[in-house]
Asks: 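Please find one structure pasted underneath; my questions will follow.
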Amino acid sequence: MHCTRFVTDSIVWTGASDRRLHLFENLFPIPRGVSYNSYVILDEKSALIDTVDASVSRQFFENLLHTLSGRPLDYLIINHMEPDHCACIGELLLRFPDMKLVGNTKTFDMVTKFFGSVPTERLVTVKENDTLSLGAHTLRFYTAPMVHWPEVMVTYDEKEQLLFSADAFGSFGALSGTLFDDEIDFERDWLSDARRYYANIVGKYGAPVQAALKKLSALPVKTICPLHGPVWRGDLTKILTKYDTWSRYEPEERAFALFYASMYGNTENAVNVLAFKLAEAGVKNIAVYDVSVTHISTLIAEIFRCSHLVFASPTYNGGVYPAMQNLLHDIAALGLKNRTAAVIENGSWAPTCGKQIVTQLGALAGFRILEPAVTVQASLKEDSLSALDKLAEQLTDSLNNG
Ligand code: FEO
């Protein structure tokens, strides 16, 4: 049975949600599922904006055919060619033999790579600022390369002042009937998934996101229709402000995130002691994570949120403990910037990983490292408590006055 909602009088949401998928991109846990949004514009000509992942194609086709009610589909606008959105192109080409694909040259290069060659008479190639009239609706196309693949474009509906924004402004999380931002409690129910989605999927591409935000700031936009998560038609500044902060790699909150790796509980103990010292100094916003337990996508999202970070690790094979090294690798790969960090190392006979962590963090733009790193030899003892006291003082001072 079809399961659709009207976004405006002439635009219908025809997407679907997947609550079965365990790992998005076979990498990221999605306990709240994910939605794949797709939209149909009904005008003198009909247009579909992107398709969905193959896993929800049955629901998508029921939605599409119901919405078209026997009309032909004239255009498929392809804003993004990642398979979570383009999977149904092949079947659409078969079902609607007169349908034309609308995309840019990079789009069609990827169409060929995924689906084989499509006759040129079925391709409408657009470039920056080109328009396509459907009747009352005029669509204007803007390229948004690397938000999140090179071919990405966004489509602006001039009549509705509505932006089909591709992956931008999306979120993990299945839709529970409530499609619009004014039907949900974004901060309570969606923000952490929106942050985790941004940080891990788009987080590497801060500069392209900034370029896209600048380009779009010239447009009057009443509604944002992303490819995942809620549609924005209320207070757009909520999501725009978050995207601006995240893409500038500025922390959302002056807050602590303490990350530890611990084989037998001794490094964990040092971090717990430090966390209690911070709390006793009056700090309230403190989160502590075991990097071997909490998924790295959550750790990365917390680094996007927090201004102050502590990394504590045992020395392992003369290097950094693997789970911590994996986190440091991801931080560098995503190009994170502009944080204050401190390091605690542990080692029973040769504690050496602190210097290696400091070197890696020091190579990141805008990272300020509070030195010296604290060294724990096997377990925290009275004679090493003063070093933790000093670190707590440095961190608190930096949080309050830095
Ligand atoms: Fe939701 Fe980049 O695909």
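Only a predicted model underlies this, so the values are computations on that prediction, with no experimental measurement involved. Counting convention: from 1, in listed order, for ligands and their atoms alike.
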Asks: Please table the atom pairs, donor to acceptor, closer than 3.5 Å between any side-chain atom in residues 90-104 and protein atoms at least two apart or in another chain.
Replies:
unit_1 : atom_1 : unit_2 : atom_2 : d
E91    : OE2    : R95    : NE     : 2.9
E91    : OE2    : R95    : NH2    : 2.9
N104   : OD1    : K106   : N      : 3.0
N104   : OD1    : T107   : N      : 2.9
N104   : OD1    : T107   : OG1    : 2.9
N104   : ND2    : T107   : OG1    : 3.3
N104   : ND2    : E151   : O      : 3.0

Asks: Do the side-chain N and O atoms of E252 and T245 include a donor-acceptor pair separated by under 3.5 angstrom?
Replies: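 There is no such pair between these side chains.
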Asks: For atom 1 (Fe) of ligand 1, which protein N/O/S atoms fall under 2.8 Å? Skip waters.
Replies: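 Counting only protein N, O or S atoms under 2.8 Å from atom 1 (Fe) of ligand 1, the list reads D84 OD2, H85 NE2, D167 OD1, H228 NE2.
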Asks: Any Lys/Arg nitrogen of R5 or E183 sitting under 4.0 Å from an Asp/Glu carboxylate oxygen of the other?
Replies: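 Result for this pair is yes, salt bridge flagged.
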Asks: Sort and list the pairs that fulfil ring-ring contact (aromatic ring centres under 6.0 Å, His included) and have at least one residue in residues 221-247, not counting sequence neighbours.
Replies: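 Counting only pairs at least two positions apart or across chains, the ring-ring contact (aromatic ring centres under 6.0 Å, His included) contacts touching residues 221-247 are F24-H228, Y36-H228, H85-H228, F169-Y243, F186-W232, Y197-H228, Y198-Y243, Y198-W246, Y243-W246.
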Asks: Which residue pairs satisfy the salt bridge (charged side-chain N to carboxylate O under 4.0 Å, His left out) criterion with at least one member in residues 276-299, sequence neighbours excluded?
Replies: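 Qualifying pairs, neighbours excluded: K277-D389.
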Asks: What do the steps show when you test T138 against L132 for side-chain contact (heavy atoms from CB on, under 4.5 Å), and what is the final call?
Replies: CA-CA 6 Å; T138 297; L132 175 71; over 6 Å; no
